Amino acid sequence: MRLVSGAAVLLLVAAPVFAQAPSTDPHAGHAMEMQQAPPGSGVQSGTQADAKRNPNLPPPGDVLGADKNAWAKAQLSSSPRHSEWVDIKASSGAPIKSFVVYPERKDKAPVVIVIQEIFGLTDWIRGVADQLAKEGFIAIAPDFMSGMGPNHGGSEELGEQGSTRAIGQLTDDDKVRILNDVRAYALTIQSANGKVATVGFCWGGGTSFLYALKQPALNAAVSYYGPMPDSLDYSNAKAPILGLYAGNDSRVDAGIDKAKAQLAGKHVPYDVRVFDGAAHGFLRQQGGVPTGLNNKAASEQAWPLTLEFLRKYTK
């Protein structure tokens with residue numbers, strides 16, 4: 001993992017699985033605990049796919065020999081947490097169909113908006129939302145494809161391939177508008193504490209970063225390997241950002257230095273972590289790919305950092 005200081009690099013070489021998790025993480029010290037495949041998940045117990053399931057991480061989305069969303073589906077079907085579908089009123093266009101998961105806690109909780117990849121609102125993204133609720137957050141995963149299907153449906157109607165083709169129709173203004181509408185809904189939830197953050201992955205990571213620049217009232221944003229084009233306007237940046245990037249992802253990583261300089265000039269916290277040996281999409285592809293053999297280690301380091309960052313800015 002490439003960090004700001006040489007000492008930090010040496011520390012992570014000595015402990016590549018993030019053994020020193022933050023004290024705020026209730027699962028600290030259990031990063032290597034493994035969970036057997038639930039019945040009906042499509043994952044055979046004792047297989048390579050089964051062995052890489054860590055219950056303290058979002059479910060893998062690259063299960064070998066099975067439905068790639070098998071772990072997410074299994075987690076969602078067995079989750080003790082309350083979840084529901086809601087239609088969030090949109091300031092323009094179709095209502096925003098959203099998946100909401102509530103944590104099991106007595107006090108009020110912060111809200112984290114979970115922003116999809118280019119594949120639409122998938123079971124994997126819903127699995128991430130459930131994992132965040134497990135950690136004490138109210139998680140809302142909006143369907144950015146709402147109303148974009150041929151019959152005015154969303155991700156379910158379009159499917160992953162259709163969503164990938166249609167998502168390019170969304171402008172930056174559309175993304176911000178949708179997130180503003182979802183944030184406005186989040187602030188009305190009675191069990192919420194009034195703090196709202198975002199976390200996104202790939203396309204969603206770039207959208208989370210964009211929203212942090214456009215919405216000064218946002219409390220925090222996490223960007224997993226999200227692109228940062230030169231056209232971004234940093235003039236209104238205020239929200240703290242955590243950027244989690246793969247070492248083998250030069251296309252996205254090319255934007256880090258400019259983002260650092262721009263945000264430093266605005267005195268906006270921008271915590272950058274680059275995980276050597278990991279590839280783009282490492283949190284979904286925890287089992288690793290030829291270009292990202294360290295995806296699992298990167299995931300085990302990045303997720304506790306995500307929780308620590310979100311808790312810090314949404315107390």
Side-chain angles (χ1 to χ4, degrees), residues 3-4 8 18 20-28 56-58 100-103 105 107-115 128-142 175-176 179-189 191-201 204-226 228 232 234-245 256 259-260 262-275 283 299 301-315:
L3 297 179
V4 176
F18 203 78
Q20 296 182 352
S23 59
T24 55
D25 181 4
H27 301 291
N56 299 320
L57 300 178
V100 184
V101 194
Y102 293 88
R105 58 187 290 177
D107 57 334
K108 293 191 174 186
V111 177
V112 178
I113 303 172
V114 185
I115 307 176
V128 174
D130 183 76
Q131 193 73 23
L132 283 164
K134 180 181 178 181
E135 296 291 349
F137 302 94
I138 299 170
I140 305 178
K175 301 170 193 175
V176 172
L179 286 169
N180 277 337
D181 291 340
V182 175
R183 179 177 172 273
Y185 172 82
L187 293 173
T188 69
I189 297 175
S191 57
N193 70 357
K195 301 294 181 69
V196 182
T198 58
V199 59
F201 307 90
T207 301
S208 182
F209 191 96
L210 169 72
Y211 193 53
L213 305 185
K214 296 291 188 180
Q215 178 49 270
L218 187 69
N219 294 105
V222 180
S223 173
Y224 273 82
Y225 28 84
M228 297 157 285
L232 287 175
Y234 291 81
S235 59
N236 291 323
K238 185 176 180 181
I241 301 171
L242 172 63
L244 302 166
Y245 305 103
I256 293 175
K260 279 184 178 179
Q262 291 285 340
L263 291 169
K266 300 289 293 183
H267 305 290
V268 173
Y270 179 39
D271 189 354
V272 174
R273 309 295 176 109
V274 180
F275 301 92
L283 191 69
S299 298
Q301 295 164 22
W303 188 248
L305 289 171
T306 300
L307 300 176
E308 179 186 22
F309 183 84
L310 291 172
R311 289 180 177 129
K312 177 180 178 180
Y313 289 105
T314 62
K315 292 180 182 177

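Remember, predicted model here, so these are calculated numbers, not experimental data.
- The nearest pair of heavy atoms linking Phe309 to Ile241 is CZ-C, 3.5 Å.
- There is no side-chain donor-acceptor pair under 3.5 Å between Ser208 and Tyr224.
- A distance of 7.0 Å separates CD in Gln131 from CG in Leu57, rounded to the nearest 0.5 Å.
- No side-chain heavy atom of Gln215 sits less than 4.5 Å from a side-chain heavy atom of Val176.
- Remark: the backbone N or O of Thr314 is not paired with any side-chain donor or acceptor of Asn219 at under 3.5 angstrom.
- Minimum interatomic distance between Pro103 and Ala109 (heavy atoms only, all atoms of both residues): CG-CB, 4.0 Å.
- Summarising the geometry of Lys266 relative to Ser235, their closest heavy-atom pair is NZ-O, 2.8 Å, with the distance given to 0.1 Å.
- Put simply, the side chain of Phe209 reaches to within 4.5 Å of the side chain of Leu232, judged on heavy atoms.
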(Q) I'd like to know whether Asp271 forms a salt bridge (Lys or Arg N to Asp or Glu O under 4.0 Å) with Arg273, so could you lay out the CA-CA distance, the side-chain angles of the two residues, the decisive distance to 0.1 Å, and finally the verdict. (A) CA-CA 7 Å; Asp271 189 354; Arg273 309 295 176 109; 2.8 Å; yes
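- At least one side-chain heavy atom of Tyr245 sits less than 4.5 Å from a side-chain heavy atom of Val272.
- Using a 4.5 Å heavy-atom threshold, the side chains of Leu179 and Ile115 count as touching.
- Between the CD atom in Gln262 and the CE atom in Met228 there is a gap of 12.0 Å [rounded to 0.5 Å].
- The side-chain heavy atoms of Val222 and Thr198, taken from C-beta on, include no pair separated by under 4.5 Å.
- Residues passing the side chain to side chain donor-acceptor pair (under 3.5 Å) test with Tyr185: none are found, sequence neighbours excluded.
- Shown here for Asn56 and Trp303, the closest heavy-atom pair between the two residues is O-CD1, 3.2 Å.
- By the side chain to side chain donor-acceptor pair (under 3.5 Å) test, Thr188 pairs with no residue at all, sequence neighbours left out.
- Counting only distance, with no hydrogens or angles, the side chain of Lys195 and the backbone of Lys315 share a donor-acceptor pair below 3.5 Å.
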Q: Go through the steps to decide whether Leu263 and Leu213 satisfy the test side chain to side chain contact (heavy atoms under 4.5 Å, CB included), and finish with yes or no.
A: CA-CA 9 Å; Leu263 291 169; Leu213 305 185; 4.0 Å; yes
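- Side-chain contact check for Leu283 versus Tyr225: some heavy-atom pair is nearer than 4.5 Å.
- At least one side-chain heavy atom of Ile138 sits less than 4.5 Å from a side-chain heavy atom of Ser191.
- Between atom CD1 of residue Ile113 and atom CG of residue Leu132 there is a gap of 12.0 Å, rounded to the nearest 0.5 Å.
- The minimum heavy-atom distance between Phe137 and Leu307, with the atom names listed, is CE1-CD2, 4.1 Å.
- Listed by chain and number, the residues in a salt bridge (charged side-chain N to carboxylate O under 4.0 Å, His left out) with Lys175 are Asp172 (sequence neighbours excluded).
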Q.
Evaluate Arg183 against Tyr211 for side chain to side chain contact (heavy atoms under 4.5 Å, CB included), listing each step before the verdict.
A. CA-CA 11 Å; Arg183 179 177 172 273; Tyr211 193 53; 3.5 Å; yes
Q. Between Thr306 and Leu244, does a side chain to side chain contact (heavy atoms under 4.5 Å, CB included) hold up when you go through it step by step?
A. CA-CA 9 Å; Thr306 300; Leu244 302 166; 3.3 Å; yes
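- Side-chain N or O atoms of Asn236 include none that pairs as donor or acceptor with a backbone N or O of Pro216 at under 3.5 Å.
- Side-chain atoms of Lys238 do not come within 3.5 Å of backbone N or O of Ala217 as any donor-acceptor pair.
- The heavy-atom pair separating Lys108 from Ala192 by the smallest distance is CD-O, 3.4 Å.
- Contact check for Val114 versus Ile140: no side-chain heavy atoms found under the 4.5 Å cut-off.
- Note: Leu242 CG to Ser223 OG = 8.5 Å, rounded to the nearest 0.5 Å.
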